[in-house]
Amino acid sequence: MLQQLPKRPFQLPPPPLSAVNTLTIPPPQTDHIFEHTKDNKQLCDLLLSLTRSRSLPKGLQLHAHFIKSGLQSIPLVSHHLINFYSKTQLPLHSLQVFDESPHRSATTWSSAISSLAQNELPLIALELFRRMLGEGLKADDHIYPSVTKSIAILGRIDAARCVHGLVVKTGFECGVFVGSSAIDMYAKCGETRDARKLFDEMPEKNVVSWTGMIAGYVLLGEDEEALRLFKQALVEDLDVNDFTFSCVVRVCGNSTLLELGRQIHGLCFKTSFDSSSFVGTSLVSLYSRCGIIEGAYRVFKEIPIKNLGLWNAMLIACAQHAQTDNAFALFEQMVSVGVKPNFITFLCLLYACSHSGLVEKGKYYFELMKEYGIEPGHQHYASMVDLLGRAGKVQDAVLIIEKMPIKSTESIWAALLTGCRIHGNTELASFVADKISELGNVGSGLHVLLSNAYAAAGRWEEAARARKMLRDQGIRKETGLSWVEDGNKVHTFTSGDWSHMRTKEIYRKLEELGEEMERAGYVADTSYVLKRVDGEEKNQTIRYHSERIAIAFGLITFPPERPIRVMKNLRVCGDCHTAIKFMSKCSGRVIIVRDNNRFHRFEDGKCSCGDYW
DNA sequence: ATAGGGTTAG
């Protein structure tokens, strides 16, 4: 491990001293009831209970009393005061108590560093840590977790290795506390391999170590490793907790592994972790992402104490499934039970409006944000531009961009271009594209949109140039994939895929259904193919888009009453959308397609999105 | 005394 350390120790930027200087001192008045209590121990106990109940006003009064009576200089008292301000989220007060305390014990240092780390002031925490080492003091296994947490917040791998080296030198690396927090630190710095090495080397591990490792894998998208480790924990009959479940259910949600997710839901039920709001949040998201909105509602209703995240997850679920009115009702409900909405809540609402074309409602929520003291971020502006653009009010969208106080981002431009594309506003699209091109430094996602915008306007040279830039950056347009789950197996298809075992049957089904669809009035619309290809070729490309193959597979595999759930990584093209409506009508099946941002539930020739997507 | 928390966008 030591060899991996960087040659030079990392340098930290100075802490924001200005923040330290603006400290507010505890109020001058003490409560007279403290005067009657002579016993220091009793006062300390009182402070402890105030810490537990986070009663800030009383604590401030008690602090003032300690100052007045000169008790603050007792190490135990200052230690408790530092902890009190840590829990009441006033880390700079902690720091001040620390600075004023004349006799500092190891616990004084430790609690001060912890307070800063817990309250998101990692740089000041690390500065204090450095001061401590500078004074010749030795760090111990109580201090390291706070130090590693600070580095985890910063995500600095160089600092992580440096501190790890220090830990190794002092011989604390194998302890459960230091080890577990170092695992978390490495994962947050993007290094699961270092984390795993540490994990494997620990002689003793607990729930936090295991969960930390699993969560690390999830964080960095190494889903299979996460599931493998989780399985190992189950096989070895080790402790798992709500956080562990929340992590693995999230993995299932990310990859829409419905069957596995259901099994794990069963385990949550057995261990009664299913009533945890964190697990509930992951479960709601799982069922929603797998197209089962009813399941999401069921889980949501069963959670006794609903936190903000759970409400948000349910709101997103409603938005994704075009249950807009439910989303609005949920919002009213959450406000009425006293849950304070945050910026994500409003993103969900705007997202819901955008999916139903509710411009006025969207404007209303956009304004409402400010009443809750939330400044709209670039995501909210992107959402508004998306909403207006989709609803055909592209000019209003441009106005929003011109008037907003922040710099436009890629997502905002992308939303505008999408609006232009949907409404065939090729002129504005190519104008916007020029503007974006001038800005330079365009990300991969935008190049695709730029190229499409130019192509739609017939500006083939610019379109080609945008494509070339994509290639030069080594980025290729994401391959369109569709997948269907059958039991514990996932079948994935690309466009024109011939690799599946049952390919022949699949294409026979497509041919057969195609004829029936044409008799029912389906006409292929090839205008969605932007590449310059011949008519017949266009027709072929579009007929075998991956989602159609996946649906055909579902048709020949699943029993008639079972809805066919298809997941897709890209947007459904207009022609496929029409085609799938006919497919649902001609086959009498329910077909649910999740594209890259929402759900389409096709039934009897109609789609739940109401053709607005 | 000390370690871990989700959700959204083209």
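Order of the sequence lines fixes the chain letters, A, B, ..., with proteins taken first and strands second; residue numbering starts at 1 for each chain.
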H79(A) over dA1(B), stacked by centroid distance under 5.5 Å, angle under 30°:
no

What's the separation between atom CZ in F328(A) and atom SG in C353(A), rounded to the nearest 0.5 Å?
4.0 Å

Taking side chain to side chain donor-acceptor pair (under 3.5 Å) as the test, write out the residues that go with D595(A), two or more places apart.
H600(A)

Does a side-chain N or O from [X] land closer than 4.0 Å to OP1 or OP2 of [N], or not?
X: Y351(A); N: dT8(B); value: no
X: K87(A); N: dA1(B); value: no
X: R421(A); N: dG10(B); value: no
X: R598(A); N: dT8(B); value: no

Within a reach of under 6.0 Å around NZ of K138(A), are more than 12 heavy atoms found that belong to other residues, nucleotides or ligands?
no

Ordered by number, residues from residues 301-311 of chain A within less than 4.0 Å of DNA chain B (heavy atoms) are N307(A), G309(A), L310(A)

If you look at every heavy atom in A187(A) and A195(A), which pair is closest and at what distance?
N-CB, 4.3 Å

Shortest non-hydrogen pair, R131(A) vs R104(A), comes out as NH2-NH1, 4.0 Å

With the side chain of Q379(A) defined as its heavy atoms from C-beta on, choose the nearest nucleotide among dA1(B), dA9(B), dG10(B).
dA9(B)

Checking L220(A) now: which residues fulfil side chain to side chain contact (heavy atoms under 4.5 Å, CB included) with it, not counting sequence neighbours?
T192(A), E222(A)

Check: N241(A) side chain, dG4(B) base, donor-acceptor under 3.5 Å
yes

